[in-house]
Undergrad: 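Can you read through this structure? Questions will come right after.
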Amino acid sequence: MSSFPAKVQTVSIPYSQLKDKNADLSAKIEQGFGPNGLGILSISEVPGYSLWRQNLLHLGPRLANLPEDVKRVLEDPKSRYNFGWSHGKEKLESGKLDLLKGSFYANPILDVPTTEQSLIERYPSYCGSNIWPHKALPELETAFKTLGKLILDVGLLLAYHCDRYASREMVMLEGEGLEQTLVHSRCHKGRLLYYFPAQHSSPAHAAMSSWCGWHTDHGSLTGLTCGMFTRDAVEIHSPDSDAGLYIKTRTGQIVKVEYGVDEIAYQIGETTEILSSGRLCATPHCVRAPRGDAASGVDRTTFALFMQPDWDQKLHFPGEVHIHRELIQSNESLTFGEYTEKLLDKYYHLKM
């Protein structure tokens, strides 16, 4: 019998139900995002999604394999590499620099979120401007923005139903729900992720978090595509059925989460968990690389959209806070930008 974690299908909602504002989806929201859920659910049958997913993910290997001098022009150290190209700038759990994956970050809604210099200096990872490879890979901008906008629009519909579910047990002030918070934000950030092919097969005992370490998303809601595996630029099925997304449940159990290739998955972030007083829950997760001889030379591309409040959005924290309680006072009000600064100062030591 395999000692590997159980495989669990996400709770799935068809798009036709999601866009019906009169539909009562509270049972599914609770099953996926509630206190006993996995902090993830998926939306199926989104018109146009499959095509735009393919269009963007096929550009991952092309972007990652551009000449080094071209990629260097796409780097933005002032934003801590949170705009444009980033490779080998982030640290793994071991403390080593992460050379396994490259990322391309951009705001899919606004190329220039603000021109106010003081804000750009204070919140560089939110207020910086997009950097596009107009000459080297001109099709990236449209593909990135189209998929990002689609995942945001579907995410806003999901946020509406999350608010309906949460408001059954708590008073929600005007403009403070998840939907309104995300509608008014200038902070949304897309991340095209490219996992470089392993030159040698990974050993069977390779760490579970071998491609992406254990973490919980910081923002409000994250939209995820299913990863695309390729070898020599040809799309293939995953060479290892144990590779993929793993989640740690409320009880500490680790499960592998699966959803359809044509579905968009959404995960709750910590900010939403805090503001909903735990009615909507975030979970730690990681990504496992494929192992074995079949995985040699295989790369993977995926896309995540981090939906988060505006840097100026006032967050009114509840009387009882169970995450980061050493940073947040009961009933405290902070802007999302101030809250992020506190987290960075405490955990990441990234202030320049």
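From a predicted model like this one, the values you see are computed outputs, not experimental measurements. Quick note: numbers below take in every heavy atom, side chains included, and nothing from hydrogens, waters or symmetry partners.
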Undergrad: Looking at His218, is its backbone amide N or carbonyl O close enough to the side chain of Thr271 to form a donor-acceptor pair, meaning the two atoms are under 3.5 Å apart?
TA: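 Indeed, once roles are kept as given, a pair shorter than 3.5 Å links the two residues.
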
Undergrad: Using side-chain contact (heavy atoms from CB on, under 4.5 Å) as the criterion, point out the one residue from Val261, Leu245, Leu57 that pairs with Cys226.
TA: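 Option passing the side-chain contact (heavy atoms from CB on, under 4.5 Å) with Cys226: Val261.
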
Undergrad: For a side chain to side chain contact (heavy atoms under 4.5 Å, CB included) check, start with the C-alpha distance between Leu140 and Leu192, then their side-chain angles and the critical distance, and finish with the verdict.
TA: CA-CA 10 Å; Leu140 178 65; Leu192 181 63; 4.0 Å; yes

Undergrad: If Ile, Leu, Val, Met, Phe, Trp and Tyr residues are connected whenever their side-chain heavy atoms lie under 4.5 Å apart, and connections chain through other members, are Val46 and Leu221 in the same group?
TA: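 Linked within one cluster.
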
Undergrad: Roughly how far, to the nearest 0.5 Å, is the CG atom of Leu137 from the CG atom of Asn65?
TA: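 The CG atom of Leu137 is 11.0 Å from CG of Asn65, to the nearest 0.5 Å.
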
Undergrad: What is the minimum heavy-atom distance between Ala243 and Ala289, and which atoms define it?
TA: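 Scanning both residues, the minimum pair turns out to be CB-C, 3.8 Å.
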
Undergrad: Can you tell me how far the CG atom of Leu56 sits from the CE atom of Met228, to the nearest 0.5 Å?
TA: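 Reported to 0.5 Å precision, the distance equals 9.0 Å.
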
Undergrad: Can you pull out every salt bridge (Lys or Arg N to Asp or Glu O under 4.0 Å) where at least one residue sits in residues 251-264? Sequence neighbours excluded, please.
TA: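 Listed once each, the pairs are Lys256-Glu258.
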
Undergrad: Verify side chain to side chain contact (heavy atoms under 4.5 Å, CB included) between His188 and Lys149, making sure each step is shown before the conclusion.
TA: CA-CA 10 Å; His188 305 308; Lys149 177 84 167 58; over 6 Å; no

Undergrad: Hey, is the main chain of Ala143 close enough, under 3.5 Å, to the side chain of Thr146 for a donor-acceptor pair?
TA: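 Looks like no, no N/O pair under 3.5 Å.
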
Undergrad: Side chains of Ser220 and Pro309: does their closest heavy-atom pair fall under 4.5 Å?
TA: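 With C-beta onward as the side chain, the pair touches.
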
Undergrad: Is the backbone N or O of Pro113 less than 3.5 Å from a side-chain atom of Asn107, with the two atoms forming a donor-acceptor pair by type?
TA: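 Such a contact is absent between Asn107 side chain and Pro113 backbone.
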
Undergrad: Carefully, step by step, assess Lys78 and Phe83 under the rule side chain to side chain contact (heavy atoms under 4.5 Å, CB included).
TA: CA-CA 9 Å; Lys78 285 192 186 132; Phe83 284 93; over 6 Å; no

Undergrad: Examine distances only and state if a side-chain atom of Lys7 and a backbone atom of Ser241 form a donor-acceptor pair shorter than 3.5 Å.
TA: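 At least one qualifying donor-acceptor pair exists.
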
Undergrad: Return each pair, listed once, that meets ring pair (Phe, Tyr, Trp, His ring centres under 6.0 Å) where at least one residue sits in residues 7-63; pairs must be two or more places apart or across chains.
TA: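 Every candidate ring pair (Phe, Tyr, Trp, His ring centres under 6.0 Å) pair involving residues 7-63 fails, so no pair, neighbours aside, qualifies.
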
Undergrad: When rounded to the nearest 0.5 angstrom, what is the spacing between CG in Leu59 and CD in Glu139?
TA: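 Going from CG on Leu59 over to CD on Glu139, the span is 5.5 Å.
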
Undergrad: Honestly, is Lys71 close enough over Phe104, meaning NZ or CZ under 6.0 Å from the six-membered ring centre and within 45° of the axis?
TA: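 Not flagged: Lys71 not positioned over aromatic ring of Phe104.
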
Undergrad: Would you say Leu305 and Leu152 make side-chain contact, with heavy atoms under 4.5 Å?
TA: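 Result yes, sub-4.5 Å side-chain heavy-atom pair found.
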
Undergrad: Do Asn36 and Glu30 have side chains that approach each other closer than 4.5 Å (heavy atoms only, starting at C-beta)?
TA: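 No, too far: nothing below the 4.5 Å cut-off.
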
Undergrad: Could you tell me whether a side-chain N or O of Gln17 sits under 3.5 Å from a main-chain N or O of Pro14, the two making a donor and an acceptor?
TA: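 Here the side-chain-to-backbone pair does not exist.
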
Undergrad: Hey, any chance Tyr160 and Tyr165 share a hydrophobic cluster, counting ILVMFWY side chains that come within less than 4.5 Å of each other, even indirectly?
TA: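 Unlinked, Tyr160 and Tyr165 end up in two clusters.
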
Undergrad: Please determine, by modelled atom types, if Thr340 and Tyr126 share a side-chain donor-acceptor pair under 3.5 angstrom.
TA: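 Yes.
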
Undergrad: How about Thr249 and Leu38: do any of their side-chain heavy atoms sit closer than 4.5 Å?
TA: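 Heavy-atom side-chain distance check passes, below 4.5 Å.
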
Undergrad: Determine, using ring centers only, whether Phe144 and Phe303 are less than 6.0 Å apart.
TA: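 For Phe303 and Phe144, the ring centres are under 6.0 Å apart.
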
Undergrad: Atom OG1 in Thr230, atom CD1 in Ile236: separation rounded to 0.5 Å?
TA: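 These two atoms lie 7.0 Å from each other.
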
Undergrad: Using side-chain hydrogen bond (donor to acceptor under 3.5 Å, both in side chains) as the criterion, list what pairs up with Thr302, not counting sequence neighbours.
TA: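 If we apply the side-chain hydrogen bond (donor to acceptor under 3.5 Å, both in side chains) test to Thr302, skipping adjacent residues, the hits are Thr225.
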
Undergrad: Under 4.5 Å between side-chain heavy atoms, counting indirect links through other Ile/Leu/Val/Met/Phe/Trp/Tyr residues: same cluster for Ile120 and Leu110 or not?
TA: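 Cluster IDs for Ile120 and Leu110 differ.
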
Undergrad: Side-chain heavy atoms nearer than 4.5 Å, only ILVMFWY residues, links allowed to pass through others: does that put Leu178 and Leu157 together?
TA: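 Yes, it is one cluster - the side chains of Leu178 and Leu157 are joined through contacts under 4.5 Å.
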
Undergrad: If you take all heavy atoms of Ser333 and Lys314, which pair is closest and at what distance?
TA: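 For Ser333 versus Lys314, the nearest heavy atoms are CB-CD, 4.1 Å.
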
Undergrad: Determine, step by step, whether Arg288 and Asp242 satisfy the salt bridge (charged side-chain N to carboxylate O under 4.0 Å, His left out) criterion, reporting the C-alpha distance in whole Å, the side-chain angles of both residues, the deciding distance to 0.1 Å, and the verdict.
TA: CA-CA 8 Å; Arg288 180 170 197 139; Asp242 290 325; over 6 Å; no

Undergrad: Hey, does Leu63 have a side-chain heavy atom less than 4.5 Å from the side chain of Leu74?
TA: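 Yes, at least one pair of side-chain atoms sits under 4.5 Å.
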
Undergrad: Could you grab the distance from atom CD1 of Ile13 to atom CG of Leu41, nearest 0.5 Å is fine?
TA: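 These two atoms lie 5.0 Å from each other.
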
Undergrad: List the atom of Arg53, the atom of Gly227, and the distance in Å for their closest heavy-atom pair.
TA: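 Result for this residue pair: NH2-O, 3.3 Å.
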
Undergrad: Spell out, yes or no, whether Leu280 and Val183 are grouped together once hydrophobic residues are joined by side-chain heavy atoms under 4.5 Å, including indirect joins.
TA: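 As far as the 4.5 Å side-chain criterion goes, Val183 and Leu280 are connected within one cluster.
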
Undergrad: For the residue pair Tyr339 and Phe336, does the interplanar ring angle fall in the parallel (under 30°), tilted (30 to 60°) or perpendicular (over 60°) class?
TA: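 Tyr339 vs Phe336 ring planes: tilted.
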
Undergrad: Can you name the closest pair of heavy atoms from Asn82 and Lys189 and give their distance?
TA: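 Where Asn82 meets Lys189 most closely, the heavy atoms are O-NZ, 2.7 Å.
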
Undergrad: Is Arg300 close to Pro290 at the side-chain level, that is, under 4.5 Å between some pair of heavy atoms?
TA: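 No, side chains not in contact.
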
Undergrad: I would like to know whether Lys21 and Arg164 meet side chain to side chain contact (heavy atoms under 4.5 Å, CB included); could you show each step before the answer?
TA: CA-CA 10 Å; Lys21 295 213 160 175; Arg164 280 188 71 184; 5.6 Å; no

Undergrad: I'd like to know whether Arg191 forms a side chain to side chain donor-acceptor pair (under 3.5 Å) with Ser103, so could you lay out the CA-CA distance, the side-chain angles of the two residues, the decisive distance to 0.1 Å, and finally the verdict.
TA: CA-CA 6 Å; Arg191 182 184 189 185; Ser103 299; 2.9 Å; yes

Undergrad: Are Asp111 and Glu141 packed together at the side-chain level, in the sense that at least one heavy-atom pair is separated by less than 4.5 angstrom?
TA: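 Yes, close enough: below the 4.5 Å cut-off.
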
Undergrad: Closer than 3.5 angstrom, by distance alone: can the side chain of Asp217 be matched with the main-chain N or O of Gly219 as a donor-acceptor pair?
TA: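 Looks like no, no N/O pair under 3.5 Å.
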
Undergrad: If you round to the nearest 0.5 Å, how far is CD of Glu116 from CZ of Arg122?
TA: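 That separation rounds to 11.5 Å.
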
Undergrad: Please report the closest heavy-atom contact between Leu18 and Leu25, naming both atoms and the distance.
TA: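 Smallest interatomic distance, heavy atoms only, reads CA-CD1, 4.0 Å.
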
Undergrad: For the residue pair Pro35 and Arg279, what are the closest heavy atoms and their distance?
TA: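 Looking at all heavy atoms of both residues, the closest pair is CD-O, 3.7 Å.
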
Undergrad: Less than 4.5 Å apart, any side-chain heavy atom of His285 and any of Val257?
TA: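 Counting from C-beta outward, His285 and Val257 never come under 4.5 Å.
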
Undergrad: Where the side chain of Asp76 meets the backbone of Gly84, is there a donor-acceptor pair that is under 3.5 Å apart?
TA: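 Checked: no pair found.
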
